[in-house]
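These notes concern the structure reproduced below.
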Amino acid sequence: MTRIRAHPIEWTLIHLAFLAVSAFFLAPFLWLFGAAFDEGATAYIHWPASPTFGNFVRIFTEHDFGRVLGNSVFVAVTTMTLVVVTVSLAGYSLSRIDLRRKDWITYGVLLLQTMPLSATMVPIYGLARQLGLRNSYVGLILIHAAIELPFLVWLMKGFFDSVPKQLEEASWLDGRTKLRALVEIVVPLARPGLGIAAGFSFLSAWAEVLMVIILIDQQELKTVPLAFYEAMRTQGGYTEVQYGVIAAMAVLYLLPVMAVFFGARRLMVRGLMNSTRGL
């Protein structure tokens with residue numbers, strides 16, 4: 001096929017638009033990395049005249065950021081593990097078990113995802129208090145997982161629908177149980193979907209701040225989003241913000257997210273490309 005070459009003006013306009021959009025999204029990151037190494041950082045972008053690690057030292061000595069970061073890692077990884085196991089079983093059940101009005105159930109599960117989190121925070125707070133789940137990692141992890149389950153269960157059902165049932169039936173004839181066939185045959189074929197579930201659940205638990213604010217009061221249990229909130233709130237009533245400290249926290253806060261993305265990027269890309277199956 002003959003390739004159609006763009007007009008020079010059209011080519012220039014497209015690239016200028018791309019550069020403008022890239023600059024718009026990259027500007028906050030340029031400020032972030034510049035301010036993190038600047039003792040006198042301000043709200044404006046400028047490269048520090050004398051780069052220093054002083055801001056990083058301060059967040060560990062004055063804000064106990066090491067423990068806070070460890071808390072966030074524990075909550076996010078545990079939430080991710082719980083979500084992956086749960087959506088695997090729930091998605092497989094919706095895909096394989098014959099139920100009346102199964103399509104209604106499937107879209108009913110997805111409908112739960114449309115409920116604004118802020119509209120449910122009052123009943124969630126009351127329920128957590130009644131069950132003794134406030135100031136508890138168990139309560140925080142369960143709520144983080146519940147927030148992500150509706151969409152991911154629906155998504156995993158689509159991936160399991162794409163796995164031929166004949167493969168399971170053949171494994172049953174070989175003597176495998178249904179659970180063993182799920183683990184050894186079906187789950188490996190649905191790895192892209194599991195990659196999406198793991199990535200989304202980790203990022204959601206890692207970045208979610210509303211539930212942390214209303215459920216966690218004890219300083220030894222706080223996570224990084226709550227540390228950000230407290231650091232901004234206590235700096236002179238939002239008027240004397242120590243931008244270098246905030247930027248240093250943000251730089252370290254980005255590292256686990258980037259590690260998860262680069263570690264699971266192939267599975268997530270494959271999963272997103274195939275996520276429309278089963279609609």
Side-chain angles (χ1 to χ4, degrees), residues 75-121 123-124 127-128 131 133 137-165 167-168 171 177-208 210-211 215 257 260-261 263-279:
V75 170
V77 171
T78 307
T79 301
M80 178 184 68
T81 304
L82 177 61
V83 167
V84 169
V85 173
T86 305
V87 299
S88 298
L89 298 175
Y92 178 80
S93 299
L94 283 176
S95 174
R96 294 295 191 260
I97 298 177
D98 292 328
L99 299 171
R100 295 184 59 186
R101 304 296 184 182
K102 186 165 66 174
D103 54 340
W104 289 21
I105 298 175
T106 303
Y107 284 100
V109 170
L110 182 61
L111 183 63
L112 296 175
Q113 192 69 34
T114 64
M115 299 180 63
L117 184 60
S118 56
T120 61
M121 64 179 181
I124 288 176
L127 184 62
L131 296 177
L133 295 178
Y137 284 142
V138 175
L140 193 60
I141 291 168
L142 289 177
I143 291 175
H144 283 330
I147 292 172
E148 292 301 309
L149 281 180
F151 171 71
L152 294 178
V153 167
W154 180 81
L155 185 71
M156 285 304 303
K157 175 190 176 300
F159 279 96
F160 286 126
D161 285 343
S162 66
V163 178
K165 193 174 181 180
L167 296 177
E168 295 173 78
S171 67
T177 62
K178 290 187 177 182
L179 181 59
R180 185 179 174 186
L182 169 64
V183 173
E184 296 182 358
I185 305 297
V186 182
V187 168
L189 295 176
R191 281 186 302 172
L194 295 178
I196 292 181
F200 280 180
S201 57
F202 181 91
L203 294 178
S204 175
W206 186 254
E208 206 282 322
L210 181 60
M211 291 296 107
L215 292 178
V257 177
V260 170
F261 172 77
R265 67 187 186 279
R266 292 184 179 179
L267 288 177
M268 293 182 68
V269 170
R270 288 172 56 192
L272 290 172
M273 293 176 62
N274 297 330
S275 60
T276 55
R277 294 183 181 180
L279 294 179

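Start at 1 with the first residue, then count along the sequence.
Side-chain atoms of Ser95 never come within 3.5 Å of backbone atoms of Gly91 as a donor-acceptor pair (strictly under, hydrogens ignored). The backbone N or O of Val83 lies less than 3.5 Å from no partner atom in the side chain of Thr86, so there is not a single donor-acceptor pair. With hydrogens and angles disregarded, no donor-acceptor distance shorter than 3.5 Å links the side chain of Ser204 to the backbone of Ser201. Side-chain N or O atoms of Thr78 include none that pairs as donor or acceptor with a backbone N or O of Val75 at under 3.5 Å.
Using a 4.5 Å heavy-atom threshold, the side chains of Leu133 and Leu215 count as separate. Residues Leu89 and Leu182 are in side-chain contact: their nearest non-hydrogen atoms beyond the backbone lie under 4.5 Å apart. Val163 has its side chain within reach of Arg96: a pair of non-hydrogen atoms, C-beta onward, lies under 4.5 Å apart. With contacts defined as side-chain heavy-atom distances shorter than 4.5 Å, the pair Phe202/Val77 qualifies. Between Met211 and Ile147, some side-chain heavy-atom pair lies under the 4.5 Å cut-off. Contact of the Leu142 side chain with the Leu82 side chain is registered, since non-hydrogen atoms from C-beta on lie closer than 4.5 Å. Side-chain contact between Met156 and Leu194 is present, with at least one heavy-atom pair separated by less than 4.5 Å.
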Check against side-chain contact (heavy atoms from CB on, under 4.5 Å), Ile143 and Glu208: CA-CA 11 Å; Ile143 291 175; Glu208 206 282 322; over 6 Å; no
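The minimum heavy-atom distance linking Ser171 with Glu168 is given by the pair OG-O, 2.6 Å. For the residue pair Ser88 and Phe160, the shortest heavy atom distance occurs at O-CE1, 3.3 Å.
To the nearest 0.5 Å, the span separating OG1 on Thr177 from CD on Glu184 amounts to 8.0 Å. Distance check: Lys165 NZ to Ile185 CD1 gives 15.5 Å after rounding to the nearest 0.5 Å.
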